[in-house]
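Down below is the structure, laid out as structure tokens.
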Amino acid sequence: MVGGGGVTRHLTPRWYSPAEVAVLLGFGLSKVKMKIATGELRSIKDGKYRRVLPEWVDEYVREQVQRQEAA
């Protein structure tokens, strides 16, 4: 939360770390890192850090649902 002048607002993350993605998806960190390594989950490198855009997390979830519905 950011406050100033008596106003408090929540900031929406612009991207997530692999650890944050693990929490969002209910996965372990190693599973998220494997999905990134295999290309199942898109990510970018920002310096020495790996980051995942929120829409890429949504895309991954959508693809998993579609895969299950097609089976």
Side-chain angles (χ1 to χ4, degrees):
M1 288 192 300
V2 175
V7 176
T8 302
R9 60 188 170 132
H10 294 275
L11 296 178
T12 303
R14 303 289 291 185
W15 56 21
Y16 301 117
S17 69
E20 291 170 320
V21 173
V23 171
L24 286 169
L25 296 177
F27 292 167
L29 181 57
S30 60
K31 184 171 183 176
V32 169
K33 288 182 177 182
M34 181 59 71
K35 292 195 175 290
I36 288 171
T38 61
E40 285 185 76
L41 179 60
R42 290 177 63 188
S43 70
I44 60 165
K45 195 93 173 196
D46 180 39
K48 66 179 183 175
Y49 300 104
R50 180 78 45 195
R51 297 292 182 230
V52 180
L53 295 176
E55 54 263 33
W56 294 344
V57 175
D58 294 340
E59 181 181 295
Y60 170 79
V61 171
R62 229 181 351 268
E63 288 171 359
Q64 296 307 306
V65 170
Q66 289 171 352
R67 191 172 296 142
Q68 285 291 317
E69 289 176 343

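We use all heavy atoms of the structure for the numbers below, so side chains are in, but hydrogens, waters and symmetry mates are not. Along the sequence shown, residues carry numbers from 1.
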- Note on the structure: For P13 and P54, the nearest pair of non-hydrogen atoms, with its separation, is O-CG, 3.8 Å
- Value rounded to 0.5 Å, distance of CZ in R51 from CD in E20: 7.0 Å
- Query: Under a 4.5 Å cut-off applied to non-hydrogen side-chain atoms, are Y60 and V32 in contact?
  - Reply: no
- Between OG1 on residue T8 and NE2 on residue H10, distance to nearest 0.5 Å: 8.0 Å
- Residue pairs meeting side chain to side chain donor-acceptor pair (under 3.5 Å), one or both in residues 24-34, sequence neighbours left out, come to none
- Query: In Å, rounded to the nearest 0.5 Å, how long is the span from OG of S17 to CG of D46?
  - Reply: 12.0 Å
- Task: Treating Ile, Leu, Val, Met, Phe, Trp and Tyr as nodes and any side-chain heavy-atom pair under 4.5 angstrom as an edge, say whether L24 and L29 lie in one connected cluster.
- Result: no
- Do the side chains of V23 and L25 join up, straight or via other hydrophobic residues, at under 4.5 Å, putting them in one cluster? no
- Task: Measure the CD-CD distance between Q64 and Q66 for me, rounded to the nearest 0.5 Å.
- Result: 10.0 Å
- Query: Is there a path of hydrophobic side-chain contacts, each under 4.5 Å between heavy atoms of I, L, V, M, F, W or Y residues, that connects V61 with W15?
  - Reply: yes
- Item | Spacing of CH2 belonging to W56 relative to CD1 belonging to I44, to within rounding of 0.5 Å | 5.5 Å
- For the residue pair I36 and R50, what are the closest heavy atoms and their distance? CG2-CD, 3.9 Å
